[in-house]
Amino acid sequence: MIAKIISEVEKLGRNTVTIRFRWDQEVQPGQFLMVWLPRHSEIPISVSHTGPMKGITIRSYGETSAAMIGLREGDRIFFRGPYGRPFDTKPVRKLIVGGGSGMAGLLPLIDSDARGVVSARTSSDLLFADRFAEGHVTVVTDDGSSGIKGYAIDGLKSLPLDEFDMMYVCGPELMLKSILDYIVDKPIPAQFSLERIMKCGIGVCDSCSIDGKQLCTEGPTFTKEELLGMHEFGTARLTESGKRIQIGRH
Amino acid sequence: MIAKIISEVEKLGRNTVTIRFRWDQEVQPGQFLMVWLPRHSEIPISVSHTGPMKGITIRSYGETSAAMIGLREGDRIFFRGPYGRPFDTKPVRKLIVGGGSGMAGLLPLIDSDARGVVSARTSSDLLFADRFAEGHVTVVTDDGSSGIKGYAIDGLKSLPLDEFDMMYVCGPELMLKSILDYIVDKPIPAQFSLERIMKCGIGVCDSCSIDGKQLCTEGPTFTKEELLGMHEFGTARLTESGKRIQIGRH
Amino acid sequence: MVHIDTAIAGIQLSNPMMLASGILDENGYTMLEILKKGAAAVVTKSIGTSERTGYKPPVVVPIQGGLLNAVGLANPGIDNFRDEMKIALSGNRPVFGSIFGATADEFLQLGLKMEEYGATAVELNLSCPHVAGYGTEVGSDPVLVEDIVNTLKSNLKIPVFAKLSPNVTDIVEIAKAAQKADALVLINTVRAMSIDIHARKAVLTNRYGGLSGQAIKNVGVRYVYEVSKETGKEIIGVGGIENAEDLIEYIMAGASAVQIGTALYTQGKDVFSRIAAGLVEFMESEGFNRISEMIGVAVE
Amino acid sequence: MVHIDTAIAGIQLSNPMMLASGILDENGYTMLEILKKGAAAVVTKSIGTSERTGYKPPVVVPIQGGLLNAVGLANPGIDNFRDEMKIALSGNRPVFGSIFGATADEFLQLGLKMEEYGATAVELNLSCPHVAGYGTEVGSDPVLVEDIVNTLKSNLKIPVFAKLSPNVTDIVEIAKAAQKADALVLINTVRAMSIDIHARKAVLTNRYGGLSGQAIKNVGVRYVYEVSKETGKEIIGVGGIENAEDLIEYIMAGASAVQIGTALYTQGKDVFSRIAAGLVEFMESEGFNRISEMIGVAVE
Ligand SMILES: Cc1cc2nc3c(=O)[nH]c(=O)nc-3n(C[C@H](O)[C@H](O)[C@H](O)COP(=O)(O)OP(=O)(O)OC[C@H]3O[C@@H](n4cnc5c(N)ncnc54)[C@H](O)[C@@H]3O)c2cc1C
Ligand SMILES: Cc1cc2nc3c(=O)[nH]c(=O)nc-3n(C[C@H](O)[C@H](O)[C@H](O)COP(=O)(O)OP(=O)(O)OC[C@H]3O[C@@H](n4cnc5c(N)ncnc54)[C@H](O)[C@@H]3O)c2cc1C
Ligand SMILES: Cc1cc2nc3c(=O)[nH]c(=O)nc-3n(C[C@H](O)[C@H](O)[C@H](O)COP(=O)(O)O)c2cc1C
Ligand SMILES: Cc1cc2nc3c(=O)[nH]c(=O)nc-3n(C[C@H](O)[C@H](O)[C@H](O)COP(=O)(O)O)c2cc1C
Ligand code: FES
Ligand code: FES
């Protein structure tokens, strides 16, 4: 494992923090780490800050992420990586669509020109909407507590998709699915970053697979075209035990 | 093991052959191979031809070397290496002193200017005396069947040692010892290549050691100065079992 | 003309390579993909009688020369595995159902289900913890091994493979206890552990784990050789195979076919086609026409 | 201020590293040289009652991740070893005499000689072939191990170390059989083999050999951890140590000192001073002042 001293912990709302640490390793937007919290577990977390002072942004969902957001400056962070296929960042005019903590992995893509759709269940869960240039972001919440009331897709509908070179999407799989369905016959190219259970991060345990591809090595980013051919996308996944279940709304 | 097809076997007298094979590996004069003959044994043999078409020159002493000289064109040769510290070949005016099969490892050093003293028990055991330029070699045999009757040292005595930049010596240890004793207070620099039992060739088994140095990794070449400090040089060695014995004339 | 097809327990394989149990074989679609990538057959993840989530991660740790794993027998339970078998079998290549249990009865129950699901053979994973003995595995008790193998052989129609553990004093004794098996699979992982010196703690949640990959190749070759020599049984070799040379070493030590696991991590999924190409090249240059001519040639 | 000295069985060591048995320790002058290079102590090659030339070469084969060896217990016989001990002891550091035999009586005879020669301790190599059991080692028979250890402990004044083999089903059982030993040495080599696919033959003349080096590091750490946890005994860790991190892993798993063998080949003789420097650096940055503060910290 790589061990680094935490130089800063920034609180982002109620249940989310960004942990910063110096690590001189090239990491590309879209890649992730397997972050280990001894005596808890090891979980996949995207790199939200890819400069020399790296950062990861963690939202508390369960046991391990809850414990991780309690880490403090001076504590150690243990991880392995970087893993995964990064986003292709060459396209110039970017449209960034993030749901919930999915925005963490999209943060490194935000430049002054980027346009964003940031969605969450409720206003206090919105992440990184403030990082876009003024007037460049559309906010959407399930409960309407901020911005448009609805789902990410509702934020997208008002945008001129043909003005972008690439759409980048990250969030719950059903959100990704609804967006893929929406753009399937539109000319905009898109890359999606998926999340599934990840136990190994290196392509051996099969817990993260979708249609025979491993999210951890061949993903987590996939293009629109790649996802279109997949039966399991938005329909089925395996649980921690390996049991096949239908995908429900997170 | 490296396996190569033998392209040629050249007979050099009664009990000595040179085996040639193509091997695109840089080998320096003075280095050796651990040559394996399946169902027999594995023995250290110097590289006598260091160009792309490598060669080793083997004299039959015992079980394995006797079997090796029976190898034929088209057979396979198995070995690992190259091992050992090579000779320093920068010095220009070379004096080459070889006893018996010790000439094999000196062959790559012979250039058109080199001067040689080639010794052997008897005329038919002389090796590579014909590879020196005309008039550049002094032949010595124990029984006087060719050249001077005596030991290598007797061939040396008539030579103007101060005309050489380096002396290179290889042969039985007692021959080396007598030469070292002879040149100890003379200004000529010298490098000696030693032979002891070698079981591993890579510095672990301790069978080839002399004063704590391993012939296979720190030798087999040693300078005059290095040998001068060694108690075991010319006096003691370990047998195959590891038993300490005095060194007798081979 | 070189032929790289082979057979094990009467089952034809288009080449000697199959996917090892526990690596990329929990999801039926992944097994299909591995078959497409050139594996002649796949072995499923080891399946037990009931659903288990296994240990919390870290369950796999990359180390020098291989992997350490302690997945904790995570599996959906045999009843939930029917779909995955169906998907995998749609590849029209052999699918071997790996099963684990603590008693002969558990193994039998699982074996019958695998047979019902259409498994081409069952592979008995004898490396799960032995309830009776402390720190040892089912596979280290020759009486239990014999009971399990014989029970399955008398009740199943499909071939039965017994996968043995290297963590025993005398593997020949265990191999003889498993002699009714149609083939032996050698070896499972070697007991090992990794400590993180900064965390001052074992990395695997289970602390102890199994070592796989290059580090154990020569251990596997040794067991295949010894068991082949002492029992003459058909053997599937496994442990650290990463290239054609490794595969040939196992074949010459007495294996009729091999399994590949950790190399999916170190070499990627093209490992099957790359090894197949290297195998053909070797056989051509060495004058072998069929795999059968190479099996056990080094054994003496 | 960081101190890297440690102690084992009451013997002070200037640092935790000693030379492992069988590597560069047949000639007294070589042992002296290794002490000069920074080893705190040396263990001699294993010596038996009579002179043996061992197997014909190849007796050592370099492989990926380490070495395979089957030297065949080549040794000059205890009576011819007096001189080498004398030379080695002139270095004024501990010299541990390693001995091997097939019976308690042979071990005793050898142990008494080593004591007479001035050995600081004896190390019992329990990995030679067991005459009674086929394919197993003296060290896999707990009754014999107990007999050997107890016989030596009641007759020698110098400390007795028992070096255990990893090639057993249950190492804790063997460690308990050796509980009277002053310290346990873990581990000897792991059974393995290498086949040359062009020669179609095992490379080692003995065919089977022992695997050492990096490939077995995590196996060794595991045994040290398990035995430390289950018996609480003092342990010397050995197997694949090549750098300071490896050494620290063993110490945190419960070893009080370590031995280094194969790294002399992979890293050269400066390995001792390089590891010592790395150890000091680690201890400084992690706030450890003494080795004793690190011993077994990962065991839980
Ligand atoms: C490639 C990748 C990148 C990620 N990046 C981030 C990030 O930057 N920031 C962040 O906060 N989170 C990220 N996640 C999600 C994060 O890994 C999970 O939230 C975390 O594993 C939950 O662990 P836990 O122990 O806290 O919760 P648990 O107690 O394990 O689970 C809480 C709930 O989440 C479900 N769950 C757990 N893991 C996953 C998963 N991987 N996919 C879907 N459902 C899951 C559980 O089934 C349960 O319902 C990422 C996930 C992946 C696969
Ligand atoms: C670095 C090195 C380079 C060598 N280069 C060559 C070479 O180019 N050509 C060549 O013909 N020979 C060379 N030799 C010598 C060769 O290795 C031995 O002749 C060979 O090992 C003998 O093996 P065998 O099985 O034929 O004889 P054995 O039956 O083993 O022995 C025959 C006799 O030679 C003695 N002997 C065996 N090996 C050695 C040894 N290494 N040193 C001293 N005495 C030994 C035995 O004790 C016995 O008396 C070299 C040796 C070394 C160490
Ligand atoms: C992550 C992982 C999980 C494994 N799970 C199983 C398993 O469920 N059943 C089994 O019999 N072997 C299991 N094994 C062992 C492999 O099948 C194989 O015997 C071992 O890894 C050696 O082969 P390799 O070096 O090619 O990986 C597992 C190995 C790994 C690395
Ligand atoms: C060439 C060689 C010879 C060995 N001879 C002995 C021996 O005589 N007695 C013994 O107890 N161990 C012997 N060993 C085992 C080592 O002492 C050690 O336990 C093992 O090599 C693991 O440590 P390493 O990985 O640091 O080499 C030998 C190992 C090697 C490589
Ligand atoms: S997380 Fe294990 S295969 Fe992707
Ligand atoms: S031949 Fe083994 S140390 Fe030199």
Spacing of [atom1] belonging to [X] relative to [atom2] belonging to [Y], to within rounding of 0.5 Å:
X        : Y        : atom1 : atom2 : answer
C:Asn80  : A:Ile245 : CG    : CD1   : 11.0 Å
C:Leu73  : A:Ser241 : CG    : OG    : 12.5 Å
A:Asp211 : C:Tyr29  : CG    : OH    : 6.5 Å
A:Lys243 : C:Asp79  : NZ    : CG    : 10.5 Å
C:Asn69  : A:Cys200 : CG    : SG    : 10.0 Å

Which of the residues [options] is involved in the greatest number of heavy-atom pairs with chain C at under 4.5 angstrom?
options                              : result
A:Arg80, A:Met34, A:His40            : A:Arg80
A:Lys199, A:Glu240, A:Met198         : A:Lys199
A:Ile210, A:Thr64, A:Ile202, A:Ile43 : A:Ile202

> A:Trp36 and C:Asp196: side-chain contact (heavy atoms from CB on, under 4.5 Å), yes or no, with the steps?
Replying inline: CA-CA 11 Å; A:Trp36 177 40; C:Asp196 188 287; 3.8 Å; yes
Below 4.5 Å from any heavy atom of chain C, which atoms of [X] appear? Answer side chain, backbone, both or neither.
X        : answer
A:His231 : side chain
A:Leu238 : side chain
A:Ser207 : both
A:Arg39  : both

>> Just by distance, no angles: are the side chains of A:Arg244 and C:Asn27 close enough, under 3.5 Å, to form a donor-acceptor pair?
In response: yes
For [X], does the [atom1] atom have more than 12 heavy-atom neighbours from other residues, nucleotides or ligands under 6.0 Å away?
X       : atom1 : result
C:Lys86 : NZ    : no
A:Lys90 : NZ    : no
C:Gln64 : CD    : no
A:Glu26 : CD    : no

Close side-chain approach of [X] to [Y], heavy-atom, < 4.5 Å:
X        : Y        : value
C:Lys201 : A:Pro38  : yes
C:Leu264 : A:Val204 : no
C:Lys45  : A:Asp206 : no
C:Val203 : A:Phe78  : no

> Considering only heavy atoms, which portion of C:Ile23 lies under 4.5 Å from any heavy atom of chain A: side chain, backbone, both, or neither?
Replying inline: both
> Could A:Glu218 and C:Lys269 be called an ion pair, given the rule that one side-chain N must be under 4.0 Å from one carboxylate O?
Replying inline: yes
>> Would A:Lys213 and C:Thr30 count as a side-chain contact (heavy atoms from CB on, under 4.5 Å) here? Give the steps.
In response: CA-CA 7 Å; A:Lys213 306 278 179 239; C:Thr30 311; over 6 Å; no
> Any idea which heavy atoms bring C:His198 and A:Ala3 closest together, and the distance?
Replying inline: CB-CB, 3.9 Å
>> Give me the atom names and distance for the closest heavy-atom approach of C:Glu26 to A:Thr239.
In response: OE2-O, 4.4 Å
>> Looking at chain A, which one of C:Pro62, C:Gly54, C:Gly22 has the largest number of heavy-atom pairs inside 4.5 Å, strictly under?
In response: C:Pro62
>> At a heavy-atom distance under 4.5 Å, which candidate from C:Ile47, C:Val60, C:Leu24, C:Thr262 has the highest pair count against chain A?
In response: C:Leu24
> Hey, is the main chain of C:Pro57 close enough, under 3.5 Å, to the side chain of A:Ser41 for a donor-acceptor pair?
Replying inline: yes
